[in-house]
Structures are given as C-alpha cells and as structure tokens.
K.L.:
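Structure below; questions to follow.
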Amino acid sequence: MTSHNEPKASPKVRLIMLACLVPLIVVTIAGLFVLWPSGPDKELPGGGPTTNTAEGTTDTKVTVTAVDASECESGESDPMVRADCTKYTAEGNGQAGSLYVTPDALKAGVDVGDTIKVLDFTQSPDRAEMGTDYVFIDFDRNVPMLALAIIYAIVVLLVAGVRGLRALIGLGFAGAVLFVFMLPAMLDGKPPVLVTMVSASLIMVIALYLAHGISTRTSTALFGTVLGIIITGILGAWMTSWANLGIAYSEDGYLLVDTTDLGMTDIIVCAILITGLGVLNDVTITQASAVWELAAAAPEMKLGQLFSRAMRIGRDHIASTVYTITFAYVGSALMTLIIVSAHDQPLWDTFTLGDMSVEVVSILVCSIGLVIAIPLTTGLGVLVVRSGRRPPRQPATTVSTPVPAVPGGETIERTSAEVAGVSDGHPGPESEAPAGPAGPARPTGPMDPAGERPPMTRREARKRDQNR
C-alpha cells in the first residue's frame, strides 16, 4: 500500500522498529483482554434524555398536524406565555392527540409537518395530570444527519480515493473502540486512564496503518504519536492535580461523580488524552510524509539540512494546529463564554474559574504535547529515512599510458583500452592504415621488440576522436 519509489530504511533500522512495534501491539491486546468490561451494562439514574420514569410512558415520533395560537394575545412574544396559550395537535402510529411544546422549542419554531420526538402519555395513568397526550423532547434529525454523513463520505472518496475509504473505515473502527470498549470499561470501574491509553494505542495502530499503509514512514508517525501521547498524559495528570481541577461543575459531572466510581480528575485526563490523540495523529503523519518527500526529492541532502527543511513545514503546522485546538475549545464553550462575558469580572478570573479552567488546561497541555511531538517525529523520520541511503558509486577510473612525443614536440597519451587496441568498441587507429596528403600510410602490425608502439601522428589522433 506504499509507493515503491519512496526511500527505504536499512534492514537494521526496520528490525529495530519491528522490535519496538511488536511489544506495543502485544501489550495493547493484553490490556484489551484484561480491561474488557465484565459486568452488565451500567444504567445511570433517570434513564436518558428521551425516557421518563412515569409509569406507562414511552418515547416515540409524531408529526405535527395543527397549530392554533388564537388564544394568544396579539403581539405576545414571551415564549413562556406562548407555550401555554398555543395548542398543538400531533399524530403518531395512527393516533392523534394533543401536544405540549416547551418554550425553548416554541421559540426555535415548531410548525405543521415537522416530525418530532415526544414522550407518549396516552397509556400512562398520569395522562390526566399532565393534561396532554404528548410532550416535546426534541426534533427528529435522522434524515438531515444521515444525509450530511453521506455527503461527507462522498466528498472524502472523491478527493482522497481509496485512501479516503480506508480512513473512513479507520474512523468507524475508532468509534467502535470508544463505544464498545472504552466507555463501558470506565463505567465498569476499570482504571480510566489505563483504559484510555489502551484504547488510544489500539486506535492508532489500526487507523494509521489502515489509512496510510504498512511502511517505515507510518511506523515513524506511530512512534511519534505514542511519544506525544505519553508526554500529554503525564503533563495532563500533573497539571490536573496541581491546579485542583477535580471538581464537578456541570450536571453531567455531578451525575457521574455521584452515581459511579469515576473521579473528575480521571475524566479530565482521559478527555485530554483523546483530544491529543486526534491532533497528534494529524501532525505526526504530516511530518513523516514531509521528511520522506524531501528525501525522495533531494537524495543528496545531508541529515542536518533534511531536518531543518522538514522543521520549516513543522513550524507552520504548529502555528495552524495550535489555532485549531484553541478555536475548537472556544467553539465548544461558546455559551459559557457569552454568559461570563456578561458579568463584570476580570478576564483572568474568567479563565481560571469553573469549567473554563478545565478548557484552558486542556488547550495548553495538548498544545505542549503537539509542539514537542513535531521535532521528535521529524528527527526520528530523518534518522530512519537516511539509514537506507546507499553511498554513491565511484566512477570507473582509466589508466593513461604516456606515449613518446610526436615529431612536433607534442605528447599524446593512450588509455589502457587503446593500448589493448580497442577504444569504445572501435578498432584503434593502429589497426587502420590511413593515407593522405599528410604523409604516407603508417605500417600496422605488432609492436616492436621493445614492447612499445610507434608514436601516434596528429592525423591518427583526429581519426581516433572521430571514431569516438
């Protein structure tokens, strides 16, 4: 799955890389078996966002069939008031009934023809107390989400071809590792950080080789990612403990801390590791590819020059990826930023309190691991790619045999091939008997008893050059 024209590492280096790769795979597989969740799937209190503990209630999909806002006063804009005075009718499974729409959903806009997810109280004893048949949960987004996923897959396949297909398969495998092994194992009480490390190792090995092929270049990127993940994990654990980030600030955090054996410190470290896995995988494979392409384009380039030029690419990648990490976190915490910006407090206090402190630590830790991984991967790649470089062939040397000076004071040298009577596949001038105005033809024949041929004339030299 790799190009036959790319530079190859030496057999010794390939053997060393294999000796490091095999233990990594063996330890990962062993950790997978040891940490595999053994208990039943853990159910958290309260069910889920689409369930209700009331007897007889179920979640289903309905279609809005009518909206009546005649009881609302003209110009009324308060969502709380409009939620009480607007009457909705919905139909699901062939049964029509009344629908209660929450104020936030009403503000977003619920119209006739919309398919929504609801709690069905039609068979519940609490139907009379609720005063409605259905209660709005959320919009049904199955069709637009599936369409977007299909468009994404098509774009990747059109641009990246077979490699894009392998990357999509690797992405699916990564999702399976997260939802089949990592998350259930954490809920089952297994050590969260150890589970995350095993999951990250398994995802890296399969996804990298599947997407980029089995080669020393991919192995270099893999080892660079492993080193970056180790640095990120150690730094994240130390900083999380030092900054006392093990406090639950959100409802989800309270739920996990109160109902499971998970601690917020472990959850934060695991989140940092998974985030770092994505960005590190990006920069390490890019740096390894840059080193290999530069080495293929300029095979004569020395180690220092190759490292320097590859790091120019790496520095640009550092700048852009650090921005990517920062803006990704800002986007995920945008609602929190809007709220805190409305309060009159110093900016430093904003970034060192609550959830924002967790986000800031995650950004900085992942960025540090990213910055360190780039020169490590580049240096490792330079050593690997240059290990297989063959020394240039030395040109064949010819032995020149001096001949006596011609009668004009000039000296002409004969090569060893000419001494033998052959030059570039043509008979030497001694085998010919040229004649012309320059003088009589020179006799041909064996050398004289002294072992030397007669001196070459200028005509013979010109004839030799023409034959060449």
Side-chain angles (χ1 to χ4, degrees), residues 1-3 21 24-25 28-29 31-32 35-37 141-187 192 195-215 217-230 232-233 267 270-290 317 320-329 331-332 362 366 369-370 373-374 377:
M1 291 190 291
T2 58
S3 172
L21 180 62
L24 175 64
I25 296 176
T28 300
I29 295 176
L32 189 67
L35 299 174
W36 191 268
R141 303 183 181 90
N142 292 351
V143 173
M145 296 288 284
L146 180 60
L148 181 60
I150 293 174
I151 294 173
Y152 167 72
I154 292 174
V155 171
V156 171
L157 293 176
L158 289 177
V159 176
V162 178
R163 179 163 293 187
L165 176 62
R166 297 202 302 260
L168 291 175
I169 296 174
L171 180 61
F173 175 80
V177 171
L178 292 177
F179 289 97
V180 175
F181 167 68
M182 176 180 162
L183 301 181
M186 292 173 67
L187 289 173
V195 169
T196 304
M197 292 293 291
V198 171
S199 302
S201 177
L202 183 61
I203 291 173
M204 284 187 301
V205 171
I206 300 298
L208 275 175
Y209 285 120
L210 183 61
H212 304 285
I214 300 175
S215 65
R217 176 175 60 179
T218 307
S219 299
T220 301
L222 174 63
F223 293 141
T225 306
V226 170
L227 293 174
I229 285 293
I230 293 174
T232 301
I267 295 175
C270 293
I272 292 174
L273 287 172
I274 294 299
T275 303
L277 176 64
V279 295
L280 284 169
N281 178 30
D282 177 21
V283 298
T284 54
I285 194 65
T286 302
Q287 280 306 109
S289 297
H317 209 174
S320 61
T321 310
V322 167
Y323 290 145
T324 301
I325 298 173
T326 303
F327 292 143
Y329 275 111
S332 64
S362 299
C366 289
L370 163 72
I374 286 182
T377 305

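These numbers come from a predicted model, not from an experiment.
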K.L.:
Yes or no on side chain to side chain contact (heavy atoms under 4.5 Å, CB included) for Leu222 and Leu24, after CA distance, side-chain angles and deciding distance?
P.N.:
CA-CA 11 Å; Leu222 174 63; Leu24 175 64; 4.3 Å; yes
K.L.:
Could you walk me through whether Asn142 and Leu146 pass side chain to side chain contact (heavy atoms under 4.5 Å, CB included), step by step?
P.N.:
CA-CA 6 Å; Asn142 292 351; Leu146 180 60; over 6 Å; no
K.L.:
Taking the side chain as C-beta and beyond, is there a heavy-atom pair between Phe173 and Leu210 under 4.5 Å?
P.N.:
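The answer is no; the side chains never approach within 4.5 Å.
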K.L.:
Within the 4.5 Å heavy-atom criterion, are Pro184 and Trp36 side-chain neighbours or not?
P.N.:
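Counting from C-beta outward, Pro184 and Trp36 never come under 4.5 Å.
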K.L.:
For Phe223, what residues pass the ring pair (Phe, Tyr, Trp, His ring centres under 6.0 Å) criterion, not counting sequence neighbours?
P.N.:
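Listed in chain order: nothing, the list is empty.
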K.L.:
If I take atom CD1 from residue Ile272 and atom CD1 from residue Ile229, how far apart are they, to the nearest 0.5 angstrom?
P.N.:
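Nearest 0.5 Å value for the CD1-CD1 distance: 11.0 Å.
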K.L.:
How about Thr284 and Thr377: does a side-chain donor come under 3.5 Å of a side-chain acceptor?
P.N.:
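Absent: no donor and acceptor within the cut-off.
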K.L.:
Please name the pair of heavy atoms, one in Ile203 and one in Ala174, separated by the smallest distance, quoted to 0.1 Å.
P.N.:
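Ile203 and Ala174 have their closest heavy atoms at CG2-CB, 3.8 Å.
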K.L.:
Assess the residue pair Val279 and Thr324 against the criterion (side chain to side chain contact (heavy atoms under 4.5 Å, CB included)); give the C-alpha distance rounded to whole Å, side-chain angles, the decisive distance to 0.1 Å, and a yes or no.
P.N.:
CA-CA 9 Å; Val279 295; Thr324 301; 5.9 Å; no
K.L.:
Rounded to the nearest 0.5 Å, how far does CD of Gln287 lie from OG1 of Thr220?
P.N.:
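So the gap between those two atoms works out to 12.0 Å.
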K.L.:
With no hydrogens and no angle check, is any side-chain donor or acceptor of Thr218 less than 3.5 Å from a backbone partner on Gly213?
P.N.:
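Yes; at least one donor-acceptor contact below 3.5 Å.
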K.L.:
Dump the intermediate steps for side chain to side chain contact (heavy atoms under 4.5 Å, CB included) on Cys366 and Leu370, then the final yes or no.
P.N.:
CA-CA 6 Å; Cys366 289; Leu370 163 72; over 6 Å; no
K.L.:
Strictly distance-based, threshold 3.5 Å: is any side-chain N or O of Arg217 a donor or acceptor partner for the main-chain N or O of Ser289?
P.N.:
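It does not hold such a pair.
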K.L.:
Taking C-beta and beyond as the side chain, do Ile274 and Met182 meet within less than 4.5 Å on heavy atoms?
P.N.:
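Side-chain contact under 4.5 Å: yes.
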K.L.:
Are any of the side-chain heavy atoms of Met204 and Asn281 separated by less than 4.5 Å?
P.N.:
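Side-chain contact under 4.5 Å: no.
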K.L.:
Please name all residues satisfying side chain to side chain donor-acceptor pair (under 3.5 Å) with Thr275, sequence neighbours left out, ordered by chain then number.
P.N.:
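Residues passing side chain to side chain donor-acceptor pair (under 3.5 Å) with Thr275: Tyr329.
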K.L.:
Would you tell me whether Ser215 and Tyr209 have side-chain atoms, one donor and one acceptor, within less than 3.5 Å of each other?
P.N.:
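No donor-acceptor contact under 3.5 Å links the two side chains.
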K.L.:
Identify the heavy atoms of Arg163 and His212 that sit nearest to each other, and give their distance.
P.N.:
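Of all heavy-atom pairs spanning Arg163 and His212, the closest is NH2-O, 4.1 Å.
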K.L.:
Which pair of heavy atoms, one from Ala211 and one from Arg166, lies closest together, and at what distance?
P.N.:
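Closest approach of Ala211 to Arg166, heavy atoms only: O-NH2, 3.2 Å.
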K.L.:
Could you pull out the closest heavy-atom pair between Ala373 and Leu280, with the gap in Å?
P.N.:
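So the minimum-distance heavy-atom pair works out to CB-CD2, 3.5 Å.
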K.L.:
Specify the closest pair of heavy atoms between Ala185 and Val195, including all atoms of both residues, with the distance to one decimal.
P.N.:
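The answer is CB-CG1, 3.9 Å.
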K.L.:
Contact between Ile285 and Thr225 at the side-chain level, heavy atoms closer than 4.5 Å - yes or no?
P.N.:
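Side-chain contact under 4.5 Å: no.
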K.L.:
Is Leu273 close to Leu277 at the side-chain level, that is, under 4.5 Å between some pair of heavy atoms?
P.N.:
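A side-chain contact under 4.5 Å is absent here.
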K.L.:
Return the minimal non-hydrogen interatomic distance between Thr196 and Cys270, and the atom names on each side.
P.N.:
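In this case the closest contact between Thr196 and Cys270 is OG1-SG, 3.0 Å.
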K.L.:
Hey, does the side chain of Ser201 reach the backbone of Val198 with a donor-acceptor pair shorter than 3.5 angstrom?
P.N.:
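Between the backbone of Val198 and the side chain of Ser201 there is no qualifying donor-acceptor contact (under 3.5 Å).
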